[in-house]
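Working notes for the structure below.
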Amino acid sequence: MDSAAKGPIADSFLRNNSMRFPKLARRSFLKLGGAAAATSLLSVNGQDALAQDAAGPKPPDVATVMDPSAIAVENWTEPWIWRPTEWPDQSLELNVVENQNPGPSPSPGNRFPALFSYGGTSPAPTIRLRGDSRLRIRLRNLLGMNHGVTPAGPAPDPAELTPPLAKELLCHAAKADGLPCSDTPPPTSTVLDHADDAYQVVKARVLRSYTITDGSNGAHSTRVTNLHTHGLHVEPLVNADGTFGDNVFLRLLPKGDYEARRKDAAPNPPRMGADERVGAVDFSYQLGDVLRGQSRTRKLPPQPQPPGTHWYHPHSHGSTHDQVSSGMAGFLIIEGDVDEAINRTLTGEAHPDPTEKTGLYDYRERHVLIQRVEVQTTDSEARPGPRGRGQRFPPPLAVNGSRPPAVICMRPGAVERWRVLNGSVDGRGFQRFMVLEGQYVQDEEGVQLWRVETEPPSPSAPSTAAPAEQTPKRRLAAMSRRRIEEAKRNLYQLSSDGVTLVTVENGKARHTIKDLSKRNAGSENPFARPPKQGEHPWRAELRNFEDCFRDGESIRNAFVRPNEVYLANANRADVFFKTPLDSAGKIYTLLAQEDLIHTDNYQQRLQRGIYRGRPQFNPAPIDVVLAYVHVLGAPVEGGDFDVMSLVDKLPPVPPFLQPIGDDELRVTAQEARARKIPEGSFRTRVIGYSGYVSADFPLLEAPQEFVKAHPELENLVWTRFDGGLVLLPPASRTMAINSRFDLALHSDPTPPRKFSHHDSEIVRVAVDTAEEWVLYNSSGMLWGHMDTAKHRQPGQFNGHYTSYPLSRAEGQARFAKDSEFQITSKGADHPFHIHINPSWVMRIEAPDEKGNLHNILDAPRWMDTIPIPRNGGRVVLRIRFADFTGRWVNHCHILQHEDHGMMQTVECVDRLDQSNYNPRTRIASHQATSEEVSAIYPRPSLEIQYKQNLMFVDVDHATGLAWPGFEVKPPKLAD
Ligand SMILES: [Cu+2]
């Protein structure tokens with residue numbers, strides 16, 4: 001293979017084609033572009049090319065932009081509400097169905113075709129109930145059967161084959177269709193369209209999806225489902241009456257899978273996994289009596305689950321991404337004392353209709369679902385082609401999804417409570433929710449936010465002019481990040497992940513509300529600085545991005561912004577918005593801004609752009625305009641309401657939400673005897689999240705001895721290419737979790753593990769105890785040479801380069817000297833989610849460019865999904881395993897990571913000798929410096945992180961393997 005197959009050529013092909021083909025095809029063209037574009041080798045003199053680039057983003061046609069003030073009646077709509085009390089003795093019936101017209105986006109910003117839904121409604125019905133009542137749901141799987149295959153044991157990712165293997169695959173596919181084999185890929189055919197054939201070409205062992213009896217790792221069994229109540233504190237497995245609780249091990253099969261198994265097994269009964277059912281299952285969630293263990297000892301009366309904004313969605317390992325991204329998600333609201341206090345103050349009633357404007361301030365609630373999805377499935381079941389049930393992906397949708405933003409009408413002075421849920425599922429789903437004054441729109445490509453401005457009618461126009469000429473002319477003005485900062489308006493935050501904010505004053509916990517205009521007020525966002533004189537905009541963007549990570553102050557100013565709520569995937573926030581009394585006629589925009597500093601994508605894209613002098617395939621930031629507020633009518637009767645006055649009306653913090661103090665972590669005398677550990681020490685645990693998606697895989701050489709010893713793994717784990725022996729990125733990615741990551745105990749930790757029903761190495765906690773957990777994220781950036789002619793890398797293919805773990809500062813300094821040295825692999829912030837019990841989060845620590853950690857959490861708070869910053873970032877939290885025994889999970893809420901194995905069983909046991917925490921004499925605190933915390937919980941080195949990211953063990957009997965089968969070592973960078 002000559003150098004024509006290398007990255008720049010493929011990128012050029014991709015750039016030329018990227019707007020004509022659906023997003024889904026783009027990555028595949030990256031693999032196939034070599035042959036097609038071999039004649040157009042560009043000069044890669046970044047500087048010169050960059051200077052020639054002049055064209056900025058084009059605004060959309062102003063005539064196509066809607067005018068919210070022209071809409072007479074509010075058109076904001078929400079799913080219908082199910083209240084168990086209104087339907088005594090009935091279950092909410094959720095029928096999982098194939099959507100008749102997959103394609104129309106289920107929610108703003110969702111580019112993913114809606115394959116499935118609960119009865120055709122996306123988002124799903126909103127459930128509202130009190131914290132001491134029972135919710136019953138009947139879930140019915142009406143989907144068709146799973147026809148596809150899943151690799152078992154070693155197999156490469158079909159999307160990341162070397163060019164010769166990719167060509168062989170397309171030939172194979174062409175022959176199967178009776179077509180001649182050609183060097184030019186057909187325009188609609190991509191490697192991923194033939195994922196199943198790929199396993200034949202490389203001779204991987206595969207399982208037919210319908211035969212799989214428990215969740216193995218990788219996207220598979222797209223038509224198996226179950227249900228998770230995200231945020232509920234309920235029975236995790238099975239209730240005494242046989243109904244299910246919040247059980248995500250359950251696999252509810254479609255009837256077709258069962259029938260196929262029956263045919264295979266006839267005359268014997270078909271094989272069913274222990275957690276499998278077919279057709280329909282009943283769930284019953286009995287809320288209330290939280291802390292029952294402590295109720296006994298402390299004689300507390302039964303406690304309801306505290307009120308809050310939660311949600312439900314499917315959670316079947318292997319299909320979670322495909323189903324949730326289809327729009328299968330609904331709000332699950334627990335109502336209680338907090339709501340009554342707020343409602344009474346604002347409306348005079350404890351239980352007004354939450355969706356009707358009530359009282360002197362037109363007070364009401366809204367359920368705001370953000371779902372921004374960009375990535376594609378890897379399960380052939382959900383893809384087009386012969387086995388994909390004829391479903392075709394639609395052409396690229398407009399950035400805002402298939403429907404224009406809704407218009408909310410409010411009177412001046414009105415107060416509303418918005419329950420905001422980030423239902424995004426992918427690695428670029430991190431969002432900042434804000435309200436901007438004015439109307440904002442996006443262009444088709446989502447590159448730029450534009451403000452709609454009106455030019456007043458010209459005073460010289462004669463008064464007899466036609467009415468059309470008298471209406472104000474609209475024009476679009478490009479918005480810089482700084483102007484967006486200036487346009488943000490006041491928000492007041494009531495809760496985080498559904499839990500009403502708790503603050504500690506003079507040693508006493510109380511509920512509170514945060515005036516977000518005061519948070520880090522007056523600070524300068526490094527990311528929003530204007531370009532310097534004569535500076536190219538891309539260089540300014542890159543400098544600003546780098547500035548965000550300079551030191552602790554920069555990190556704080558970039559991550560902690562006034563008047564916005566940062567939401568990782570699955571996070572919720574309840575906020576109050578009030579229109580000013582003098583705002584009649586104004587328009588406000590509800591914006592979910594893609595958070596760019598929570599991934600390395602944008603920085604890599606800018607580096608590639610500067611190097612090659614043209615924009616790159618890696619998509620631009622995609623912000624989602626959720627809705628507009630049009631203020632009209634007379635001011636509300638109540639006048640100017642002081643939102644912060646609600647603080648004094650909030651009820652006391654219940655025992656369930658009391659902060660977890662140091663003493664609760666202490667090992668009791670009884671436990672000390674049972675575990676033979678020191679009494680009075682603290683229960684602690686360190687867990688590592690690590691891994692890369694296939695596109696971010698570095699070029700890894702397979703050692704000669706390994707190749708010699710394992711010829712049977714050719715084209716499955718390693719392959720020959722371009723004079724090198726290279727590793728192929730594995731089909732199930734390297735995403736995994738390590739529960740033996742306490743470096744004080746194991747200085748050279750064993751590889752992390754993927755999820756398995758059968759793994760004995762799981763987290764075991766004792767019921768009615770609390771533990772301190774430290775989470776490290778090893779997924780991190782790698783750097784390398786892009787100029788493969790100057791820096792020969794035998795076996796280099798697609799986007800895989802020899803890559804070095806360097807600090808951000810060192811990598812950036814090298815890039816500044818010569819832009820061919822760049823980020824070659826991107827890390828990911830992993831949103832850690834644990835079921836059943838919320839976490840008292842004390843620290844979220846992001847590394848600066850030198851690797852020093854800085855806590856970005858202003859004060860401890862309750863959360864259930866916590867992003868662990870990449871590049872060795874850290875989270876410190878405490879969990880009270882209040883009362884339920886049984887099994888549940890912790891996992892990454894980037895749902896493809898979860899489907900690929902970034903999930904782990906947590907078992908809560910009632911025998912003290914069975915817990916497996918590590919006792920410690922010292923623990924962390926919110927006030928401690930990061931260095932002090934590191935002294936207690938040692939940090940992984942770059943070398944340990946590198947190894948954790950590129951090795952894993954999967955003990956599943958179906959997909960199991962230890963990858964790659966030898967110890968990887970980071971390469972050394974020659975100076
Ligand atoms: Cu993740």
Side-chain angles (χ1 to χ4, degrees), residues 157 215 217-219 228 230 248 313 315 317-322 324-325 372-378 422-431 566-571 594-595 597-601 687-697 729-739 741 751-755 773 775-782 825-835 839 844 846-847 863-875 877 889-906 940 945 948-952 954:
D157 185 336
N217 296 307
H228 170 47
H230 188 129
V248 298
H313 63 78
H315 204 304
H317 191 55
S319 67
T320 314
H321 169 273
D322 286 358
V324 181
S325 64
R372 200 213 67 106
V373 184
E374 184 78 18
V375 297
Q376 74 271 37
T377 177
T378 50
N422 183 3
S424 301
V425 302
D426 65 41
R428 297 185 58 199
F430 301 93
Q431 305 286 335
Y566 165 63
L567 300 166
N569 296 357
N571 279 152
E594 180 180 343
D595 185 286
I597 57 175
H598 277 271
T599 74
D600 296 320
N601 294 50
I687 289 176
Y689 271 49
S690 55
Y692 288 117
V693 297
S694 301
D696 278 307
F697 237 69
S732 70
R733 325 288 172 86
T734 53
M735 298 296 172
I737 301 178
N738 199 337
S739 58
F741 207 60
R753 297 161 89 88
K754 284 184 180 285
F755 174 74
W773 288 24
L775 314 170
Y776 278 113
N777 181 354
S778 291
S779 295
M781 49 178 28
L782 301 176
S825 298
K826 306 181 291 290
D829 288 14
H830 297 292
F832 165 94
H833 171 48
I834 183 161
H835 292 194
S839 304
I844 299 176
M863 299 174 82
D864 61 33
T865 309
I866 309 103
I868 324 170
R870 64 200 181 282
N871 292 313
R874 177 170 67 197
V875 165
L877 51 79
V889 293
N890 76 72
H891 67 90
C892 179
H893 228 288
I894 294 174
L895 295 179
Q896 268 194 341
H897 296 183
E898 188 256 285
D899 285 334
H900 282 89
M902 198 171 239
M903 181 158 96
Q904 182 185 46
T905 304
V906 176
Q945 291 178 47
Q948 290 289 307
N949 286 329
L950 292 168
M951 297 172 71
F952 68 82
D954 178 352

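Counting convention: from 1, in listed order, for ligands and their atoms alike. Just so we're clear, the structure is a prediction, and the values are computed from it rather than from any experiment. Throughout, numbering of the chain's residues begins at 1 and tracks the sequence.
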Could you go through T320 and D899, starting from their C-alpha distance and side-chain angles, then the distance that decides it, and tell me whether this counts as side-chain hydrogen bond (donor to acceptor under 3.5 Å, both in side chains)? CA-CA 6 Å; T320 314; D899 285 334; 3.2 Å; yes
Students often mix this up, so state it plainly: with edges at 30° and 60°, are the rings of H598 and F430 parallel, tilted or perpendicular? parallel
From CA spacing to verdict: side-chain hydrogen bond (donor to acceptor under 3.5 Å, both in side chains), E898, H317: CA-CA 7 Å; E898 188 256 285; H317 191 55; 2.8 Å; yes
Let me know which of Q945, R870, H830 forms a side-chain hydrogen bond (donor to acceptor under 3.5 Å, both in side chains) with S779. H830
To the nearest 0.5 angstrom, please state how far the OH atom of Y689 sits from the CD atom of Q904. 7.0 Å
From T865 OG1 over to H891 NE2, what is the distance, rounded to the nearest 0.5 angstrom? 7.5 Å
What count do you get for protein N/O/S atoms less than 2.8 Å from the Cu ion (ligand 1)? 3
